[in-house]
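Scroll down for the structure; my scribbles are underneath it.
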Amino acid sequence: MTVSLEQSTIGFIGAGNMAGAIARGLVKKGHDPQRIIMSNRSSGKLEALQQELGIRITTNNQDVCRSANVVLLSVKPQMMKDALAGLDFTSVDCAISVAAGLPVAKLIEFTAEQVAIIRSMPNTPSIELCGATGLYASQSVREQHQRAAEYVFGAVGEFAWVDDEGLMDTVTALAGSSPAYFFRFMETLIDAGVKQGMDQDTARKLVVQSALGAATLIKNHPDIAISERRIQVTSPNGTTAAALDSLEESGIATMAEAAVNAAVKRGKELSQS
Ligand SMILES: NC(=O)c1ccc[n+]([C@@H]2O[C@H](COP(=O)([O-])OP(=O)(O)OC[C@H]3O[C@@H](n4cnc5c(N)ncnc54)[C@H](OP(=O)(O)O)[C@@H]3O)[C@@H](O)[C@H]2O)c1
């Protein structure tokens with residue numbers, strides 16, 4: 001890559017939810033919207049994003065490959081082959097797929113081995129710039145390509161590299177799918193509060209803010225173990241201890257492990273299909 005990341009043009013093929021979230025993050029972080037180009041099959045979402053962000057738009061995917069240094073492949077996995085068919089990637093430095101479950105080998109095949117491929121697995125909190133993205137670099141990826149991916153996903157949250165593609169299914173289980181586990185846990189806490197006689201809005205406000213507060217405490221103090229935090233707030237024989245004992249008796253650890261194993265298993269099945 002001969003230009004700096006700030007000066008580089010970032011392209012998107014597919015203008016859906018994930019592409020929109022990442023483009024918003026980049027613009028918010030100060031990336032020049034004129035250095036973002038996005039294509040889509042239909043024009044409605046493109047026009048809305050152009051109005052909102054001032055990015056360049058096209059309904060021709062090749063325009064993106066012609067203009068961009070880094071191209072995000074952001075169509076649905078089942079649409080990828082068609083979206084990439086016949087495209088010339090020779091002037092693109094690297095392509096980053098956000099497609100869930102689509103292996104690097106397929107992406108190399110769909111791009112006719114013309115470009116270095118990075119596989120990413122972002123999650124929906126990226127929309128609020130609180131995303132968690134797992135990244136995997138294929139063999140032809142160079143350090144400058146990795147920095148480009150970090151620039152893109154750093155704009156919408158945190159990222160982590162895995163060095164074994166098989167672990168992308170674990171990324172899906174721990175990041176891609178996990179917001180839904182936390183949503184479910186919040187739902188159950190709110191329902192339990194309502195059963196105790198509290199109104200829904202109050203229960204929701206208390207539970208959501210507690211979830212945010214707990215995550216913020218952990219994130220802002222990485223030197224303190226999560227278990228230490230838990231022990232700090234658990235007085236012997238107190239209310240928290242009673243609740244935690246109940247969760248352990250109900251098998252919380254077994255449930256979480258089974259949930260992660262189920263997501264990994266399903267991810268592998270989907271990748272193979
Ligand atoms: N959303 C998530 O939480 C999430 C999380 C991790 C990964 N992902 C991955 O992100 C990718 C996109 O997901 P999404 O939720 O953003 O989907 P989406 O909202 O459905 O967006 C996909 C977009 O691709 C466009 N498209 C389809 N075929 C095309 C083609 N041949 N050329 C150009 N554009 C084309 C569609 O255009 P039309 O509107 O005209 O059909 C649509 O706007 C998926 O591969 C998914 O696995 C999503």
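Numbers here are sequence positions counted from 1. As a basis for the values below, the full set of heavy atoms in this structure was taken, side chains included, without hydrogen atoms, waters or symmetry mates.
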Legend entry - Any donor-acceptor pair under 3.5 Å from S250 side chain to S246 backbone: yes
Legend entry - N-O pairing of R204 and D201 below 4.0 Å: no
Donor-acceptor pairs under 3.5 Å, side chain of residues 29-39 to any protein atom, not counting sequence neighbours: which ones?
residue	atom	partner	partner atom	Å
H31	ND1	Y151	OH	2.6
H31	NE2	S8	O	3.1
H31	NE2	R35	O	3.3
D32	OD1	Q34	N	2.9
Q34	NE2	G54	O	3.0
R35	NH1	Q7	O	3.1
R35	NH2	Q7	OE1	3.1
S39	OG	F12	O	3.4
S39	OG	N61	OD1	2.6

Inset, instruction - Taking Y181 for its side chain and L174 for its backbone only, find out whether a donor-acceptor pair lies under 3.5 Å. - result: no
Inset, instruction - Report the distance from atom CG of L73 to atom CZ of R119, rounding to the nearest 0.5 Å. - result: 12.5 Å
Inset, instruction - With the side chain counted from C-beta on, respond yes when D93 and Q144 share a heavy-atom pair under 4.5 Å apart, and no when they do not. - result: no
Inset, instruction - Identify the heavy atoms of L135 and S120 that sit nearest to each other, and give their distance. - result: CD2-CB, 3.5 Å
Legend entry - Main-chain N/O of N69 paired with T9 side-chain donor or acceptor, under 3.5 Å: no
Inset, instruction - Report yes or no: does E165 contribute a side-chain atom to a donor-acceptor pair with the main-chain N or O of V104 at less than 3.5 Å? - result: yes
Inset, instruction - Report yes if the side chains of V98 and S74 come closer than 4.5 Å at any heavy-atom pair, otherwise no. - result: yes
Legend entry - Any donor-acceptor N/O pair, S138 side chain to I117 backbone, under 3.5 Å: yes
Legend entry - hydrophobic_cluster_shared for L102 and M79, side chain cutoff 4.5 Å: yes
Inset, instruction - State the CD1-CE distance between I22 and M18, to the nearest 0.5 angstrom. - result: 6.0 Å
Inset, instruction - Taking the side chain as every heavy atom from C-beta outward, state whether L87 and I13 have any atom pair closer than 4.5 Å. - result: yes
Inset, instruction - Any chance you could measure T133, atom OG1, to W161, atom CH2, to the nearest 0.5 Å? - result: 10.5 Å
Inset, instruction - State whether the number of non-hydrogen atoms from other residues, nucleotides or ligands found under 6.0 Å of E109 atom CD is greater than 12. - result: yes
Legend entry - CG-CD1 distance between L244 and I252, expressed to the nearest 0.5 angstrom: 8.0 Å
Legend entry - Other residues, nucleotides, ligands: >12 heavy atoms within 6.0 Å of E257 CD: no
Legend entry - Donor-acceptor contact present, side-chain S97 to main-chain A99, <3.5 Å: yes
Inset, instruction - Enter the distance from S126:OG to E158:CD here, rounded to the nearest 0.5 Å. - result: 11.0 Å
Inset, instruction - Might you confirm whether atom CG of D164 has over 12 heavy atoms from other residues, nucleotides or ligands at distances under 6.0 Å? - result: yes
